[in-house]
Structure formats: C-alpha cells, structure tokens
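Take a look at the structure below.
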Amino acid sequence: MTRRGAPPRHRTTHASRQGTPLKASIASLLEHAVAAVPEFADAPDVTSIRATVERARDARHGDFATNIAMRLAKSAGMTPRDIAQRIIAAMPASELVDRVDIAGPGFINFTLSDEAFHREIGLILEQGEAYGRGEPREGPKVLLEFVSANPTGPLHVGHGRHAAFGATIGNLLQAAGYPVDREYYVNDAGRQMDILGVSVWLRMLEADGETIAFPDGGYRGEYIRDIAASIDRDGLPAVDIDKAFERLPPADDPDARVDALIEVAETLLGAENFDRIRRAAYGSILDDIRDDLAEFGVTFDRWFSEQSLTDEKRIDDELEVLGERRMLYEKDGATWFRATDYGDDKDRVVVRENGKTTYFASDIAYHYDKCQRGYELLIDVLGSDHHGYVTRVRAGLEAMGYAGDSLAVDFVQFVTLYRGGEKVQMTTRGGRFVTLRELRDEVGNDATRFFYVMRSNDQHLDFDLELAKSRSNDNPVYYIQYAHARVASVFRQLNEKELTHDRENGVASFSLLGESQEKALMSSLSRYPEIIELAAANRAPQHLVHYLRDLANDFHTYYNAHTFIVDDAALRDARLALIDAARAVIASGLEILGVSAPDSM
RNA sequence: GCCCCGGUAGCUCAGUUGGAUAGAGCACCAGAUUCCUAAUCUGGGGGUCACAGGUUCGAAUCCUGUCCGGGGUACCA
C-alpha cells in the first residue's frame, strides 16, 4: 500500500441530533454505553470506539455492527459475549434503534428503526446536494499539488489520469470539510526550457528554408512549428547558419549537441531575444495546458513558478539554512546534502560542479515554501516512477525544520489505452503521445473523468476506448447518469399528467414505503456521508465510484419493480420524495467526480 | 543487489484499515416491457484470495520468506 499521511480523525461533538450521520449516531450510543460500564472505564480502546462501528454486510446482521466486545475482551478479562451483554444493558434508549442483538463470537448488531431512515431521507431533501458533506474543519490545511507537467508540450493521456485523480481528491477533501488549495508547479526553469527555445528557433529557421538536422533531444511535435510560426520576428538578427553549425559536436552525443545548440542560439540571437522565444514558447504551451485542463473541469488555485524560487532567492535561503545546520558538504566540486542522516540511501547533490543548483534543490525550496505558507499537509500526486523522491524530499523538509510526514505522496500508475481488445500505440515515431485532448474529444469529458478514477490509483489502468464510448449497459458512467435522468424524466411525466409533487406530504408519508426495494434504497442513500468520509480519508475516489454504481442499481431495481406515479397521492408523494433524494445524492456524487448529471439522455 | 507498486472468478477490478457464508461489472446460460426511457431489471453457474510458514477468538487484509509482473535506483527535469 502507498504510504499515506492520514489527516487526523474528525473529533465529533455529537448527540443524536438531526444532521448527525447515522453511523456517528450509533457510535455515540455505543460510546455512552461503554462509558457507563465501570469495568470498561479505562479500557484502552474506548477512544476509538467510533472506528469499530461498521455497516453490516448481511441484512440478517441488522444495519450496523460493532466488534467492540471482542476488542475489549483481553483488557477486561471477560468473554466477548459477556461484555456485549453489559454494553447492551447500558445502552441508552433511542428512537433510531429498534433492536440490539448479540451474534456470533460477540458482535453487537444494531437494527435501526424505519423512523431513523425516514429522518435521514428527509435530511437529504432538506440539504439537497449539501447532504453528506462534512462540517468545515479547522485543519489540517491541505496543499494538493498535481499534474505539474513540464510546459514543453500538450498533456497526454498519462497526465489526464493525474488531472482527474487530483481534481477528484481535491473535491473529496473539500466535501469532507478540509481546507484545501490546489496548486500546479510550473517547471519553467532550467535546461528543459532552453531545449524548448532551441526547438522553436530551429523550426523558425526551417520555415525560412534552411535545412537543419533536428537534434535527438529536441521537442519535435507539430505544435513546435505552430509556435515557431507565431513568433514575432521584429528585432531578431539575421543569422549565418552554416557558420553557426560548423562547430557542433557529433550527433552521437545528443546531450552535448543540444547544449551546444543552446549556446549557439544565445550567442547568435542575443540572450534577450532567445529568452523572448523561450518565454513565448512556454507561455503558449502553458496557456494550452490551462485551457485543456479547464475544459476537463480541472482548475487550480495557484500556478507556482519554479523560476520564482531562484528569482526570489528561495533556493539561496534554503542553502543558507542547510549550511548553518551543517547539512551540507563539498565533494568532487559539488555541494551535497546529508540525506543519509534522514534515512535516504545516499547523500544528494544540491549544487552541481558547474555551479547550477539541481532540481532536487528546487524541490526542497518549493516544499519548504509550502510549509512556510502555512500548509500542514502537503499532498503530491506523482507518477509511480517518482517514488524515489519521497524519502529525499522528506529528508529535506526535516533538515529545514519541518516534519517529514507532513508530506504525503499519492502515486498514480500508468495508463494503457485499448480499443476493443487491441492495445493502442501511445507514442509515435516522432515521440508524439496520444494527447488528453484527443482522448476527451473521442470519448467525452464525462467518461474520461470517470474511467480515470474508477480504479485505485496504485493500480495500472487499462483504459478501454470502446467501452468508454459505448452507450450500453457495459458502461458504468451512463448507467449512473441514466438513473439521474430517469428521476428527472419521472418528474416530467408527472408534469405532463398535470399532477404536482407535495414533498412535505411525501416526507410525512414515508411510513407507506415498506417495499424491500424502498428500504434498500433508503439504506444506500444513508451511507453517502460515510462514503465521502471514507473516500476522502483514504484519498480513494474509487470508493465513491463503486458506491454510486450500487446506488444507481438500487434505483433502477426500484424503478423496474414499482410505479412511482400512482393514484394514491400519499404513496405517490412518498415515492417521489424518495427518488428525488436519490437524484440529489447521485448529482452530488457525480459533481465530486467531475461528471455531469444530465436530466435527459 | 536495494527500494516502491501489483498478483482475488475466463477478463477488468472492489474488498469500509483484522470480522460473520470473499463481492461487482463484463462474458456465458435462462427469463422480464399493454405501465414513469430496455442506456433498465430478475435468476443461475463460476474461487487453493500467487505459494509456504507465523501472529490470534478470527487473516484476502498484519509479519517473515519464496515465485511472477511493472517501475525506480542521476552532478536529468
């Protein structure tokens, strides 16, 4: 499992008042009961009682179950069943609970009253799409960084998964009440930007009719030509190409060749002009990335420039602090950070022999900066090939005086595209990837967002284009959206029959809803707050995906089994109120996933 | 070598932080619509949770070891 910096558990101050999720209400009853038994007063597990309350998996076990009696057995020196007996005897009466039973080796099973569910559905109708969202929390203040792709080309399908996952995590944390900001780290400094500038310049020359052996390390996408065409040539000096290229290192050393080309460009054009091309290039690409993400429903609170770390002397500050703390030393002409003091495999270079700082030096400064801005939990969404960074960045944070575990990293595994059973070639000879935009154009934003988070982030993702596009029962996106559209359709039908829906009458008539499908739907709906909390705490959107699928199934089953628009007004109002609650929860869940909730399909 | 992730039904994957008889979709088989959208529903078969030990009332889940697949192990970003 990926290591996760778990946010501290929400401390609930509850009585079983309205607005408290069902599970918390049950946990509260249990806490009172345990506290009322003197023998358990100092049992070590009492503080985590809430965590022991679970939904029963089997209807025969009631609605909720706890294993608290088994957990207390050792410290209390009693058998689980005896403990369960004592706890049940001490349980305060509640209108939410019909029965409390002991089962199996010592489980305590709670069977809720109809009233408990009716209240919960009423609450959904009252709160609408706000239902299930956690109370705003003081902290930890979360900074969520994701995508952060280099602005050297358009986003591809791998970045898309990062975008969808990160955005959904952000929505989930926010829904659970955490204060969260989203940030994109823009790698606008260093050699990559120089290579980008050179690539554009070479394409400009080509457009002028020059023949140029394009270097291996350069960016050769078609978009580079487009950018080259858009560069304002006013003030650019004329260039004697042949002379400029005659001293280049041989092609079998691509790195040296690219570096030499950068130098040539800077000399011939002048540093200012070259910088202008470079900025135009990365500015245009970054605009494209920003648009692409915005169309995908992914937005950021801040775009943080790597270059600003240098400009604002943040890296200098960092090196000074590390130096004062004696965390640096010189070797082989470079400056090294004592990462091994903090558990890393080896020490790491922060200033190279050539005097330039490393990307790692920027990373420390950047994460240090995040801490200094007051964020208490830093979440980075990274590709799984970056796992080696975590230890050293944590080391950097600790050396700078912050807790290493304030950094949590969620790794996103690779994406493989399939068309039917066929694997899709993701890269072309020109080094071109299938872009996120192409994927979105082909399968649509909704299916794309959904499929990206359908699987656990640390699972390889097989993205089947045909399945994502299919408008059939194979496709879980449409399955869920269809449930939402069906509810809207029912209300349209109601309108056509010139009937109206009296919600208050419906809520007052919930006791008429005795069908098994109705009870199942109510139970599922009441789970929503638990799902939000679970998915947020684990940063695992797939919990929400699976929940919505199950919820849609409960709805479709109900739809097929019973008619909602019946003659009996009370029953009709009650049924319509129930499906309207289902509509609200589905809409809320889809919103968190960044998927639309259509009224018709 | 060392580090990270994964191994659960024919396929793709869940599994609520150690619970009760391991779940879902697809695929396969059999059914449902005079009625609110059949983009739907109902039923059925299908499992050595990679393997071997261990921890305990209880293990797919935790520990140790082994095997297989992917990734990483830069004075690149």
Side-chain angles (χ1 to χ4, degrees), chain A residues 1-3 6 51 54-58 60-61 65 67 70-71 73-74 79-80 103-107 109 150 152 187 189-193 195 255 306 331-336 345-346 348-354 356 358-360 362-363 383-391 411 413-414 418 421 454-456 458-462 464 467 470-479 481-483 485-487 489-494 496-497 527 530-531 533-535 537-538 540 542-543 545-547 549-550 552-553 555-566 576 579 600-601:
Chain A
M1 281 304 274
T2 306
R3 177 168 175 188
E54 294 184 332
R55 286 274 168 170
R57 292 180 199 191
D58 191 319
R60 283 171 302 187
H61 300 143
N67 61 5
M70 274 103 89
R71 291 190 165 218
K74 195 171 274 179
T79 68
F107 290 103
N109 293 336
N150 287 349
T152 54
N187 297 122
R191 189 157 170 271
Q192 295 302 317
M193 288 299 102
I195 297 174
D255 276 348
E306 180 190 356
K331 194 182 87 181
D332 303 333
T335 306
W336 296 70
D345 294 341
K346 46 181 121 174
R348 306 286 172 178
V349 172
V350 285
V351 184
R352 283 180 268 172
E353 198 178 354
N354 65 10
K356 292 190 178 176
T358 59
Y359 188 82
F360 174 55
S362 299
D363 260 351
S384 54
D385 53 336
H386 284 69
H387 75 83
Y389 282 112
V390 181
T391 312
F411 292 108
Q413 295 278 350
F414 297 128
Y418 285 84
M454 197 165 57
R455 303 293 177 225
S456 161
D458 42 34
Q459 191 81 235
H460 246 96
L461 179 67
D462 290 331
D464 190 327
L467 179 59
S470 74
R471 309 188 144 220
S472 72
N473 56 353
D474 309 358
N475 194 328
V477 194
Y478 294 120
Y479 184 88
Q481 288 182 319
Y482 185 44
R486 266 186 155 174
V487 177
S489 172
V490 169
F491 278 91
R492 278 195 300 273
Q493 280 290 323
L494 188 74
E496 275 172 32
K497 292 181 178 170
R527 284 177 60 210
E530 298 156 36
I531 297 296
E533 193 178 324
L534 174 73
N538 291 315
Q542 76 272 14
H543 287 301
V545 170
H546 290 287
Y547 167 76
R549 209 268 157 208
D550 289 346
N553 182 34
F555 169 77
H556 287 308
T557 300
Y558 183 28
Y559 183 100
N560 274 274
H562 300 285
T563 307
F564 307 140
I565 303 177
V566 292
L576 290 174
I579 65 169
S600 68
M601 290 172 74

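The sequence lines fix the lettering, A, B, ..., with proteins before strands; numbering per chain opens at 1.
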On a whole-Å scale, what distance lies between the [atom1] atoms belonging to [N] and [M]?
| N | M | atom1 | result |
| --- | --- | --- | --- |
| B:rG15 | B:rU8 | P | 14 Å |
| B:rG25 | B:rC62 | C1' | 30 Å |
| B:rC11 | B:rU16 | C1' | 26 Å |
| B:rG54 | B:rU42 | P | 44 Å |
| B:rA39 | B:rU33 | C1' | 15 Å |
| B:rA14 | B:rC49 | C1' | 13 Å |
| B:rG18 | B:rC41 | P | 34 Å |
| B:rA59 | B:rG53 | C1' | 14 Å |

Which part of the nucleic acid, if any, lies within reach of [X] when heavy atoms closer than 4.0 Å are counted: base, sugar-phosphate only, or nothing?
| X | answer |
| --- | --- |
| A:T79 | nothing |
| A:A56 | nothing |
| A:R60 | base |
| A:E353 | base |
| A:A483 | nothing |
| A:D363 | nothing |
| A:T557 | sugar-phosphate |
| A:D464 | nothing |
| A:D385 | sugar-phosphate |
| A:I565 | base |

Any N/O donor-acceptor pair, A:D458 side-chain to B:rG6 base, under 3.5 Å: no
Any N/O donor-acceptor pair, A:N109 side-chain to B:rA20 base, under 3.5 Å: yes
What nitrogen or oxygen pairs link the protein and nucleotides 7-12 of chain B at under 3.5 Å?
residue : atom : partner : partner atom : Å
B:rU12  : O2'  : A:R455  : NH2          : 3.2

Per-pair stack call A:Y479 and B:rA39, 5.5 Å, 30°: no
pi-stack flag for A:H546 and B:rA24, centroid dist under 5.5 Å, interplanar under 30°: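 Ring-base stacking flag not set for A:H546 and B:rA24.
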Plane angle bin for A:F411 and A:H387 - parallel if under 30°, tilted between 30 and 60°, otherwise perpendicular: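 Ring orientation, 0 to 90° scale: perpendicular.
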Atom-to-atom span, CG of A:L467 to P of B:rC26 - whole angstrom: 10 Å
Pi-cation contact, A:Y559 with A:R486 (under 6.0 Å, within 45°): yes
Lys NZ or Arg CZ of A:R527 over A:Y547 ring: under 6.0 Å, within 45°: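 Negative - A:R527 is either too far from the ring of A:Y547 or too far off its axis.
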Given [options], which nucleotide is nearest the side-chain atoms of [X]?
| X | options | answer |
| --- | --- | --- |
| A:Q413 | B:rC36, B:rG19, B:rC5 | B:rC5 |
| A:A65 | B:rG25, B:rA20, B:rC75 | B:rA20 |
| A:H556 | B:rC36, B:rC41, B:rA39 | B:rC41 |
| A:M70 | B:rC75, B:rG19, B:rG71 | B:rG19 |
| A:F414 | B:rC75, B:rU42, B:rG71 | B:rG71 |

Below the 4.0 Å mark, does [N] have OP1 or OP2 next to a side-chain nitrogen or oxygen of [X]?
| X | N | value |
| --- | --- | --- |
| A:R57 | B:rA20 | yes |
| A:R71 | B:rG19 | no |
| A:H543 | B:rG15 | yes |
| A:K346 | B:rA74 | yes |
| A:N560 | B:rU33 | no |

Audit row: A:M193, A:T152, side-chain contact (heavy atoms from CB on, under 4.5 Å) steps and yes/no: CA-CA 7 Å; A:M193 288 299 102; A:T152 54; 3.7 Å; yes
Strand RNA chain B as a dot-bracket string - pairs counted if Watson-Crick or G-U with both distances under 3.5 Å, | where the partner lies in another strand: (((((((..((((.....[...)))).(((((.......))))).....(((((..]....))))))))))))....
